[in-house]
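Just below is one structure, and these are the notes that go with it.
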Amino acid sequence: NDNNDIIGGQTFISPSEVDLECIEVLTSVVAAPGKVLMTLHDFDTQLDSWGPILGSASVDLTRTDNGKWKSFNISGLHLSKGKAYGFRLECPNTYIGVGEAARSSENPPLFKGREWKFTNNGQTGRSFSYFSLAFKIDAKA
């Protein structure tokens, strides 16, 4: 009954100097076949601000993709050690669920990132410091 479009996001800090090959996310639910768009951004940790799009990729998902790692090929971008980045997932014609990891203050999040939720493509979203989307980064050192 909620008419808001939900866009999920995840921030992370690059642990080393690498050239990005792809970012993978774990799909937990694919409600219907459709296209998912991932955009990669610079992220300002001081201002909690998302920068312009550095790169993007899209994949088509079907219900057979439930529970599978899906690759978004955003190759050719250099990630700098210690710099913050973020990616957003937008599904204009379907609804998907992405796996999550929950952490605690005793067990801080991996890559010092946060999960984000945006509604109706708003630039200011809500972040969750003890949650992280299930993602992997494939890169070349």
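Because the structure is predicted, anything quoted here is derived from the model rather than measured.
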### Task
Heavy atoms only: give me the nearest Thr27-Val30 pair and the separation to one decimal.
CB-CG2, 4.3 Å
### Listed partners of Ser28 passing side chain to side chain contact (heavy atoms under 4.5 Å, CB included), at least two apart
none
### Task
Report yes or no: does Asp44 contribute a side-chain atom to a donor-acceptor pair with the main-chain N or O of Gln46 at less than 3.5 Å?
yes
### Query
Of all heavy-atom pairs between Ile7 and Leu89, which one has the smallest distance, and what is that distance?
CG2-O, 3.3 Å
### Nearest heavy atoms of Thr11 and Trp50, plus distance in Å
CG2-CZ2, 3.7 Å
### Query
Do Val98 and Phe12 belong to the same hydrophobic cluster, where Ile, Leu, Val, Met, Phe, Trp and Tyr are linked whenever their side-chain heavy atoms lie under 4.5 Å apart, directly or via other members?
yes
### Task
Applying side chain to side chain donor-acceptor pair (under 3.5 Å), name anything that partners Thr64, two or more places apart in sequence or on another chain.
Thr62
### Summary
Residues at least two apart in sequence or cross-chain that pass side chain to side chain contact (heavy atoms under 4.5 Å, CB included) with Asp60, listed by chain then number, are Lys35
### Message
Nearest 0.5 angstrom please: Cys91 SG to Leu37 CG, how far?
### Response
9.0 Å
### Summary
Between Leu79 and Ser14 the two heavy atoms that sit nearest each other are CB-OG, 3.7 Å
## Note on the structure
Residues at least two apart in sequence or cross-chain that pass side chain to side chain donor-acceptor pair (under 3.5 Å) with Ser56, listed by chain then number, are none
### Query
With sequence neighbours excluded, what pairs up with Asp19 under the side chain to side chain contact (heavy atoms under 4.5 Å, CB included) test?
His78
### Query
Mind checking what makes side chain to side chain donor-acceptor pair (under 3.5 Å) contact with Thr39, not counting sequence neighbours?
His41
### Query
Does Phe43 reach the side chain of Ser49, with side-chain heavy atoms less than 4.5 Å apart?
no
### Query
For Phe72 and Val36, which heavy atoms make the closest approach, and how far apart are they?
CE2-O, 3.5 Å
### Task
Applying salt bridge (Lys or Arg N to Asp or Glu O under 4.0 Å), name anything that partners Lys68, two or more places apart in sequence or on another chain.
none
Name each donor-acceptor pair under 3.5 Å that joins a side chain in residues 133-141 to protein atoms two or more places apart or in another chain, with its distance.
none

### Query
If you link I, L, V, M, F, W and Y whenever their side-chain heavy atoms are under 4.5 Å apart, who else ends up in the same group as Leu26?
Trp69
### Task
Ignoring hydrogens and angles, tell me if any N or O in the side chain of Glu24 forms a donor-acceptor pair with the backbone of Lys70 under 3.5 Å.
no
### Query
With sequence neighbours left out, what residues match Asp42 under side chain to side chain donor-acceptor pair (under 3.5 Å)?
Lys83
### Task
Could you pull out all residues at least two apart from Ile74 that satisfy side chain to side chain contact (heavy atoms under 4.5 Å, CB included)?
Leu20, Met38, Leu40, Ala57, Leu77
